[in-house]
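Letters A, B, ... are given to chains in the order of the sequence lines, protein chains preceding strands, and every chain is numbered from 1.
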There are 2 protein chains.
Amino acid sequence: MRASSLGPQVRRSIPVNGADCAQCQVRHLGVCTALSPKELEKVQAMAVHRDYAEGELIYAAEDLAAMAGTLIRGTVKIYKLLADGRQQIIGFLQPGDFVGSITQESYRCFAEAITPVTLCVFPLSSLNRVLHELPNFEHQLLKIASQDLDQAQEWMLLLGRKTAQERLATFLLLIYDKAKSRGAEEGVLSLPMNRAEIADYLGLTIETVSRQVGKLKGMGVIQPIGNHQIEILDPAHLRHIAEAS
Amino acid sequence: MRASSLGPQVRRSIPVNGADCAQCQVRHLGVCTALSPKELEKVQAMAVHRDYAEGELIYAAEDLAAMAGTLIRGTVKIYKLLADGRQQIIGFLQPGDFVGSITQESYRCFAEAITPVTLCVFPLSSLNRVLHELPNFEHQLLKIASQDLDQAQEWMLLLGRKTAQERLATFLLLIYDKAKSRGAEEGVLSLPMNRAEIADYLGLTIETVSRQVGKLKGMGVIQPIGNHQIEILDPAHLRHIAEAS
DNA sequence: CGAACTGTTGAATAAGGTCAAACCAGGTGG
DNA sequence: CCACCTGGTTTGACCTTATTCAACAGTTCG
C-alpha cells in the first residue's frame with residue numbers, strides 16, 4: 001500500500017527537425033517496416049523529431065491524445081497511477097518501439113523518459129488525415145497492438161499468479177531475450193531503470209526486488225555489476241525458475 | 001501457489017449453419033459495426049455459426065490460429081496457465097465481443113465456454129484472403145485491439161497494486177458498468193462465473209474472494225442473491241472503494 | 001431425499017510489505 | 001586526486017495481508 005516516489009519533472013521539449021527516413025536507425029524495427037516508397041514519403045512529410053531530457057514527462061493519462069510515434073533513442077516507461085500514488089509500470093519502451101495510440105481519444109497511461117530520449121513524432125492531426133492512404137501502416141499498427149496485447153496478458157499472468165522470484169526471473173529473461181533478438185552480445189544486461197521502477201513493473205517493493213536479486217546471486221544464476229548491469233551466468237536455470245517448471 | 005481446478009472438457013462442436021447478418025442480434029456491438037453493405041456481404045459469405053456446450057474448450061494456447069469471430073450468445077473465459085496449473089483469467093467475453101486474433105500465428109490463451117455459447121466464426125483462411133478488401137473491418141479490429149489493450153493494462157494495475165477489497169469492488173463495477181451500457185435494468189448483476197473463476201481473474205484465492213464479498217455485504221454495499229447474482233446497493237460507495245480514493 | 005459440488009468460515013502459516021538503519025556508488029568540490 | 005555528500009540500494013526486525021489447510025454449510029440436481 002506504499003505509494004511510489006515523486007512525480008516527473010514536467011518540462012516540454014520543442015520540435016527539433018523533420019525526419020530523414022533514409023537515415024533512420026530503427027526503420028526496420030518499428031511501424032515503418034513494410035511501408036511502400038510512396039507511403040514512406042507521406043510519413044516522412046509529417047514526421048518530426050523531438051528530444052526529451054531524463055525524467056521528462058512525454059504525455060500524461062487523461063490528456064487529449066495529440067501524437068504517436070516511434071522511439072529512436074533512449075528508454076521510456078509507460079505507467080498508470082492510483083489516486084494515492086501507487087504506481088504500476090505497464091512497460092519499458094526501447095528504440096524501435098511504438099509510442100502512443102492512434103485510436104483513443106485521450107491517453108490512458110503516463111509516458112516518461114527515464115534516459116535522454118528522441119522520438120520520431122507523427123502528429124495525430126496529420127496522421128488521421130492520411131491514414132486511409134497508408135494501408136500497410138494501419139496493418140502494422142494492428143500487428144503491434146496485438147503483440148502489445150499479448151505482452152500485457154502475459155504480464156497479467158505474472159502479476160496475478162507468479163511468486164516474487166518467478167517475477168524477477170521472468171523480467172530478467174525478457175530483457176535478456178529482447179537484447180539478444182536485437183543482436184546484443186551475450187551475457188551482460190544493462191538495466192536503464194532503477195530498483196523502484198523494476199518493483200513498480202513487477203508489482204513488488206524495492207526491498208523484495210533487492211532480496212530476490214540477492215537470492216539469485218547466491219544461487220549463482222546472475223552476477224550484478226554495479227546497480228545498472230547484471231550478468232546472466234545461467235540462462236537455462238533462470239528460465240526454469242521463470243516458467244515454474 | 002495453489003493450482004486451479006481441473007481442465008475443461010475437450011469436445012469439438014460442428015458448424016451449424018451460415019450467418020444471416022440482417023438478423024444478427026449483436027451486429028451493432030461487434031467488429032461488424034460500420035461495415036459498408038458490400039463489406040457486410042463479403043463477411044456474411046464466409047461466416048459460420050458454431051455452438052459450444054458449457055465447459056467446452058473453444059481453442060487452446062499454442063494451437064495454430066484457425067479462426068476469429070464474434071460471440072453471439074453466452075460467456076467465454078480467456079485464460080493463461082502456468083506449468084503447475086496456476087491459472088490467470090484474462091477476461092470474460094460477452095455477446096458482441098471479438099474472439100481470437102487475426103495477426104498471431106498461434107493462440108496465446110485458452111478460450112472456454114462457461115455457459116452454452118454460439119460463435120459467429122470467420123475462418124482465417126477465408127478472412128485473410130479478403131481482408132484487404134475490408135478496410136473498415138481492419139480499422140475496427142485496430143480499435144478493438146486498442147480497447148482490449150487498455151483494459152489489460154488497467155487489469156495490470158489491479159493485479160499489481162490493488163488490495164483484495166479494491167480488486168473485488170473494481171470487478172463488480174466492471175460488470176455493473178458493462179451491463180448498464182448494454183441497457184440492463186439497474187441494480188441486480190448476474191455473474192455467470194463461479195467463485196474460482198472470479199478468484200483467477202482477480203489474482204486471489206476463492207477463500208479471499210468469499211471473505212471480501214462478506215465484508216462488502218456487511219458494509220451494506222452489496223447484497224448477494226444466491227451464488228450467481230449480486231445486488232449493488234451503493235454504487236457510489238463501491239466506486240469509492242475501487243478507486244482507492 | 002441425498003450425493004456431489006460449490007461456497008463459507010476459522011485457525012495457523014507464510015510471503016511479501018513496512019519501517020528503520022547501514023551501506024555503497026557515483027558525482028562534487030576542495 | 002581524494003574526501004565528502006547524496007541518493008539509491010541493501011539488510012534486518014517486525015508486521016500485515018492474503019494463503020493454506022481443514023471443517024462446515026448451502027445449492028443443485030439426479
Side-chain angles (χ1 to χ4, degrees), chain A residues 1-6 8-9 54-55 82 84-88 114-115 158-169 190-218 222-230 241 244, chain B residues 1-6 8-9 54-55 84-88 114-115 158-169 171 190-218 222-230 241 244:
Chain A
M1 219 16 184
R2 192 170 43 180
S4 294
S5 56
L6 294 79
Q9 312 157 246
E54 180 178 337
L82 287 173
D84 60 7
R86 276 174 282 169
Q87 178 174 128
Q88 177 64 45
I114 65 170
T115 65
L158 176 142
L159 293 170
R161 288 296 178 226
K162 288 192 180 179
T163 65
Q165 176 134 141
E166 291 162 356
R167 292 182 200 200
L168 179 61
S190 64
L191 305 174
M193 66 294 288
N194 61 27
R195 292 289 185 274
E197 287 161 338
I198 296 175
D200 282 340
Y201 191 32
L202 300 181
L204 301 169
T205 60
I206 53 175
E207 293 93 334
T208 298
V209 170
S210 184
R211 282 184 249 267
Q212 295 300 333
V213 169
K215 270 189 196 160
L216 288 181
K217 179 184 166 185
I222 63 172
Q223 180 61 51
I225 306 165
N227 281 334
H228 290 281
Q229 282 190 306
I230 290 187
I241 294 168
Chain B
M1 224 6 191
R2 192 170 44 180
S4 295
S5 55
L6 295 79
Q9 313 157 246
E54 179 177 337
D84 60 7
R86 276 174 282 168
Q87 178 173 129
Q88 177 63 46
I114 66 171
T115 65
L158 176 143
L159 294 170
R161 289 296 179 225
K162 288 192 181 180
T163 65
Q165 177 135 139
E166 290 162 356
R167 293 183 199 200
L168 180 62
F171 169 71
S190 65
L191 304 175
M193 67 293 290
N194 61 27
R195 290 290 186 272
E197 286 161 339
I198 296 175
D200 282 338
Y201 190 32
L202 300 180
L204 300 169
T205 59
I206 53 176
E207 294 93 333
T208 299
V209 170
S210 183
R211 282 184 250 268
Q212 295 300 334
V213 168
K215 269 188 197 162
L216 288 181
K217 178 183 167 185
I222 64 173
Q223 180 61 51
I225 307 164
N227 282 335
H228 290 281
Q229 282 191 304
I230 291 187
I241 294 169

Rounded off to whole Å, could you give me the [atom1]-to-[atom2] distance for the [X] and [N] pair?
X	N	atom1	atom2	value
Ile206(A)	dG8(D)	CD1	P	10 Å
Glu197(B)	dT6(C)	CD	C1'	12 Å
Leu158(A)	dG16(C)	CG	C1'	15 Å
His228(A)	dT9(D)	NE2	P	6 Å
Arg86(B)	dT19(D)	CZ	P	13 Å
Lys215(B)	dT8(C)	NZ	C1'	14 Å
Gln229(A)	dT9(D)	CD	P	14 Å
Leu204(B)	dG7(C)	CG	P	15 Å

Nucleotide nearest [X] when distance is taken to its side chain, options [options]:
X	options	result
Asn227(A)	dT8(C), dT10(D), dT19(D)	dT10(D)
Arg2(B)	dC21(D), dA18(D), dT8(C)	dC21(D)
Glu207(B)	dA20(C), dG10(C), dG7(C)	dG10(C)
Gln212(A)	dT11(D), dG16(C), dA18(D)	dG16(C)

On DNA chain C, more 5' by nearest nucleotide between Lys162(A) and Asn194(B) is Asn194(B)
By nearest-nucleotide position on DNA chain C, the 5'-leaning member of Gly226(A) and Arg161(B) is Arg161(B)
Spacing of [X] atom [atom1] and [Y] atom [atom2] [to the nearest 0.5 Å]:
X	Y	atom1	atom2	value
Leu158(B)	Gln88(A)	CG	CD	10.0 Å
Asn227(B)	Arg195(B)	CG	CZ	5.5 Å
Leu168(B)	Leu204(B)	CG	CG	8.5 Å
Ile222(A)	Gln212(A)	CD1	CD	10.0 Å

Ranking Gln165(B) and Arg211(A) by the position along DNA chain D of their nearest nucleotide, the one closer to 5' is Arg211(A)
inquiry  = Would you say Thr205(B) places a side-chain N or O within less than 4.0 Å of OP1 or OP2 belonging to dA18(D)?
reply    =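 False: Thr205(B) side-chain N/O out of range (4.0 Å or more) of dA18(D) OP1/OP2.
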Would you please confirm or rule out a distance under 4.0 Å between OP1 or OP2 of dA18(D) and any side-chain N or O of Thr208(B)? no
Exercise. Tell me, do Leu159(A) and Arg161(B) make a side-chain contact under 4.5 Å, heavy atoms counted?
Worked result: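 Heavy-atom side-chain distance check fails, nothing below 4.5 Å.
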